Amino acid sequence: MASIFGHGIVGFTLARVIDVHQAKLLILFAMGSSILPDFDVIAFRLDIPYVHPFGHRGFTHSIVFALLWAVLLMFTVGKRNKRTWFWVIFLATLSHGILDAMTSGGKGVGFLIPFNNERFFFPFREIMVSPIGVTEFLSEWGLQVIYSEFKFIFIPCFVVFLVQYFIVHYNKQ
Ligand SMILES: [Zn+2]
């Protein structure tokens, strides 16, 4: 994983930029959805191997999972604004695997599960993999994670906000 902050900020940015109404509930669900795939770390406790389809970075990090989760929310909490909910939740959930595939450690991401169990990384792997425990996070390692995420996640998100701000501002004139 990138850290929960790194994942969460991407969900936040997607919701703010895509949803013109900027509904608070959608922002919350988008941030939650961008972190959700890592609930699969429970696989380690259940003795499911990392490379198993239900292992860490497996099914919950796949395109199919993001689709199913987005459809589920679109027809429940998001039913009054289905199309926006679908796109925000789908992209927020999928963004998790995309960030993981750019991290420096762990195994690759099973984007194509259940059709293909291969694990993928992108050629660009500059985001430092984040420790899972809190004590490890408060270390030199944690600082390096924050620095790499600042460069490769926070700044790009900030640029997206700036671009959107100027587009909206420009259209008002
Ligand atoms: Zn992950």
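Start at 1 and go down the list; that is how both ligands and their atoms are numbered. Treat the numbers as computed from the prediction; the structure is a model and nothing was measured. Just so you know, these numbers use all the heavy atoms, side chains as well, and skip hydrogens, waters and symmetry mates.
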Going through the distances and angles, do Ser62 and Arg57 end up as a side chain to side chain donor-acceptor pair (under 3.5 Å)?
CA-CA 8 Å; Ser62 70; Arg57 290 188 172 175; over 6 Å; no

Closer than 2.8 Å to the Zn ion (ligand 1): does that hold for any N, O or S atom in Asp38?
yes

Is there an N/O/S atom in His96 at a distance below 2.8 Å from the Zn ion (ligand 1)?
yes

Considering just N/O/S atoms, say which atom of Asp100 is closest to the Zn ion (ligand 1).
OD2

Compile the donor-acceptor pairs under 3.5 Å between side chains in residues 80-92 and protein atoms, sequence neighbours left out, one pair per line.
from, atom 1, to, atom 2, distance (Å)
Asn81, OD1, Thr84, OG1, 3.2

Do any of the N, O or S atoms of His56 sit under 2.8 Å from the Zn ion (ligand 1)?
no

Quick one: list whatever passes ring-ring contact (aromatic ring centres under 6.0 Å, His included) with Phe124, sequence neighbours left out.
Phe152

Determine the interplanar angle of the His7 and His96 rings, folded into 0 to 90°, and report it as parallel if under 30°, tilted if 30 to 60°, perpendicular if over 60°.
parallel

